[in-house]
Amino acid sequence: RRSVDADLVELAGGPDPVAQRARRAADAGEHVRAIHLAESALAVEADHADARGVMLDCHRALLAESENFWLSSWLRHQISEWES
């Protein structure tokens with residue numbers, strides 16, 4: 001999938017509409033879907049603020065739902081990376 005992210009983002013009109021779609025998915029509780037969309041936007045524009053915000057919010061939401069020690073640890077690590 002990652003090999004075509006730039007193509008798909010271009011077809012969608014750029015990283016802004018993709019990040020907006022990611023935000024809508026996150027707001028609807030579709031966190032994994034939102035992460036995939038945000039990753040696509042970030043593949044084109046690594047510092048896209050809205051997409052980075054979606055990544056952080058979704059990882060935090062998934063952490064709040066997680067009951068798995070290993071998943072929670074990985075999510076905490078990801079959150080730390082997105083915060084920096």
Side-chain angles (χ1 to χ4, degrees):
R1 177 189 66 85
R2 291 180 189 216
S3 67
V4 298
D5 277 343
D7 295 317
L8 295 173
V9 170
E10 179 184 343
L11 289 168
D16 289 339
V18 175
Q20 291 166 2
R21 176 72 59 100
R23 173 54 64 196
R24 288 194 302 273
D27 291 345
E30 299 177 62
H31 304 296
V32 174
R33 181 171 177 250
I35 286 171
H36 288 304
L37 288 164
E39 285 177 333
S40 294
L42 291 165
V44 173
E45 188 177 321
D47 291 329
H48 195 281
D50 293 337
R52 291 180 64 84
V54 168
M55 293 295 283
L56 187 55
D57 293 346
C58 286
H59 282 84
R60 285 178 176 156
L62 290 171
L63 177 60
E65 298 170 359
S66 176
E67 296 178 5
N68 179 295
F69 171 80
W70 300 109
L71 176 60
S72 295
S73 294
W74 181 81
L75 288 166
R76 277 191 216 76
H77 174 75
Q78 293 299 306
I79 291 166
S80 173
E81 292 290 314
W82 288 111
E83 287 177 333
S84 60

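It should be emphasised that the depicted structure is a prediction, and the values quoted were computed from it without experimental measurement.
- When every heavy atom of Val44 is checked against every heavy atom of Ala6, the shortest pair comes out as CG2-CA, 3.7 Å.
- Among all heavy-atom pairs drawn from Cys58 and Ala26, the shortest one is SG-CB, 3.6 Å.
- Here Arg2 pairs with Glu39 in a salt bridge; the nearest charged N to carboxylate O distance falls below 4.0 Å.
- Annotation: salt bridge (Lys or Arg N to Asp or Glu O under 4.0 Å) contacts of Asp16 (sequence neighbours excluded): none.
- With sequence neighbours left out, Glu83 forms a side chain to side chain contact (heavy atoms under 4.5 Å, CB included) with Leu56, Arg60, Ile79.
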Note to self: Between Ser66 and Leu75, does the side-chain contact (heavy atoms from CB on, under 4.5 Å) criterion hold? Intermediate values first, please.
What the structure shows: CA-CA 9 Å; Ser66 176; Leu75 288 166; 4.3 Å; yes

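- Between the Ser73 side chain and the Phe69 main chain, a donor and an acceptor come within less than 3.5 Å of each other.
- A continuous path of Ile, Leu, Val, Met, Phe, Trp and Tyr side chains, each step under 4.5 Å between heavy atoms, connects Ile35 with Leu42, placing both in one hydrophobic cluster.
- The number of heavy-atom neighbours closer than 6.0 Å to CD of Glu10, taken from other residues, nucleotides and ligands shown, is 12 or below.
- Ala12 approaches Val18 most closely through the heavy-atom pair CB-CG2, 3.7 Å.
- For the pair Ala22 and Ala34, the tightest heavy-atom approach, listed with the atom from each and the gap, is O-CB, 3.3 Å.
- For the pair Arg21 and Arg33, the minimum side-chain heavy-atom distance is below 4.5 Å.
- Using a 4.5 Å cut-off on side-chain heavy atoms (C-beta onward), Arg23 and Asp57 make contact.
- Within 6.0 Å of CZ on Arg52 lie more than 12 heavy atoms contributed by other residues, nucleotides or ligands.
- In the hydrophobic cluster analysis, where Ile, Leu, Val, Met, Phe, Trp and Tyr join through side-chain heavy atoms closer than 4.5 angstrom, Leu62 is grouped apart from Val54.
- Between His59 and His31 there is no side-chain heavy-atom pair separated by less than 4.5 Å.
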**OP:** Walk me through it: do Glu30 and Arg24 pass the test side-chain contact (heavy atoms from CB on, under 4.5 Å)?
**Re:** CA-CA 9 Å; Glu30 299 177 62; Arg24 288 194 302 273; over 6 Å; no

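- Residues Trp82 and Leu63 share a single hydrophobic cluster, defined by chaining ILVMFWY side chains whose heavy atoms lie under 4.5 Å apart.
- Side chain of Arg76 to main chain of Ser72: a donor-acceptor pair is present (N/O by atom type, distance under 3.5 Å, no hydrogens or angles).
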